[in-house]
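Atoms within each ligand, like the ligands themselves, are counted from 1 in listed order. Throughout, residue positions are numbered sequentially from 1 according to the sequence presented.
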Amino acid sequence: MKKSYRIEPIDIALRESRTRNEAHVLYEAGRLELNVPRLLAIGRFCVYMERLEGKLLRDIDQRPGQFGEVGRELAILHESGIAHGDFTPANIMKVGKRFFIIDFGLSEITKGVEEKAIDLLLMKRSVDPRCYAAFARSYARHSKNARGILAKLDGIEERGRYKVRSVA
Ligand SMILES: Nc1ncnc2c1ncn2[C@@H]1O[C@H](COP(=O)(O)OP(=O)(O)O)[C@@H](O)[C@H]1O
Ligand SMILES: [Mg+2]
């Protein structure tokens, strides 16, 4: 009990800064006209956003034809200096015929290629190889630094060890 009391201020500060970060990233992505929920308001510990009506890419029949748009969206996000942090079909929603990115809770503004390579790696690990190939092709077409990021991805895979950050 005592311990949890003592860490409370840190916990609050962390939750506040995560909320601000998520809202900031969502705002930036919206400004770039990416397919993301519209940011509506920011609370101390929560972000209010548009509710999308659709299904998660995780829960539908996945075909390579769907992944071009997903690769393009991620490329534009990366070009603007944002890594998503949890880029899997569980955080992509099909709305009508379009694909929207959600869940920016682990996103970060970064100049580094490593975090971006990990976005690609997570997608690669989560979908059929033909879907990933379509995704990576489109990503490469829409990103100026795709070469560097794909090389980093190869490096991470060769190293055979990587850690995916998760926040409890
Ligand atoms: N803007 C949104 N519109 C509709 N449903 C959403 C929206 N954001 C999240 N969801 C739903 O809530 C679930 C959890 O939200 P998410 O942001 O992915 O948080 P986490 O994965 O960290 O719990 C998603 O898988 C999705 O089903
Ligand atoms: Mg999620």
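Atoms of ligand 1 lying under 4.0 Å from at least one heavy atom of M49, given by number and element, are 1 (N). Residue E50 approaches ligand 1 through these ligand atoms, each under 4.0 Å from one of its heavy atoms: 1 (N), 2 (C), 3 (N). Taking a cut-off of under 4.0 Å to the non-hydrogen atoms of P37, the atoms of ligand 1 that pass are 1 (N).
Among all heavy-atom pairs drawn from S138 and G68, the shortest one is OG-O, 2.6 Å.
Counting heavy atoms under 4.0 Å from ligand 1, residue L56 touches it through the side chain alone. Counting heavy atoms under 4.0 Å from ligand 1, residue I102 touches it through the side chain alone.
At a distance under 4.0 Å, no protein heavy atom can be found next to atom 11 (C) of ligand 1. Within 4.0 Å of atom 1 (N) of ligand 1, at least one protein heavy atom is present. For atom 23 (O) of ligand 1, the nearest protein heavy atom lies 4.0 Å or farther away. There is no protein heavy atom less than 4.0 angstrom from atom 14 (C) of ligand 1.
Evaluated by nearest non-hydrogen atom to atom 21 (O) of ligand 1, the leading choice among D103, V47, L106 is D103. Among R38, R51, M93, E53, the residue whose heavy atom sits closest to atom 5 (N) of ligand 1 is M93.
Ligand 1 has a nitrogen or oxygen under 3.5 angstrom from a nitrogen or oxygen of N91.
Residues T88 and M123 have side chains not in contact (no heavy-atom distance under 4.5 Å, counting atoms from C-beta outward). Put simply, the side chain of I76 does not reach to within 4.5 Å of the side chain of E33, judged on heavy atoms.
By the 30° and 60° cut-offs, the orientation of the rings of H84 relative to F87 is perpendicular.
A salt bridge between E69 and R72 is absent, with no side-chain N of the basic residue lying under 4.0 Å from a carboxylate O of the acidic one. Remark: R159 engages E114 in a salt bridge, criterion side-chain N to carboxylate O under 4.0 Å.
Sorted by chain and number, the protein atoms of type N, O or S within less than 2.8 Å of the Mg ion (ligand 2) are N91 OD1, D103 OD2.
Judged by distance alone, the side chain of N91 and the main-chain N or O of I102 form no donor-acceptor pair under 3.5 Å.
Protein heavy atom nearest atom 3 (N) of ligand 1, with residue, atom name and distance: L52 N, 2.7 Å.
Under the 6.0 Å cut-off for aromatic ring centres, F104 and H24 do not qualify, their centroids lying 6.0 Å or more apart.
With rounding to the nearest 0.5 angstrom, the CG atom of L150 is 9.5 Å from the CG atom of N145. How far CZ of R98 is from CD1 of I92: 13.5 Å, rounded to the nearest 0.5 Å. Atom CG of L14 and atom OG1 of T19 lie 9.5 Å apart (nearest 0.5 Å).
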Verdict with supporting geometry, Y139 and V70, side chain to side chain contact (heavy atoms under 4.5 Å, CB included): CA-CA 8 Å; Y139 179 86; V70 179; over 6 Å; no
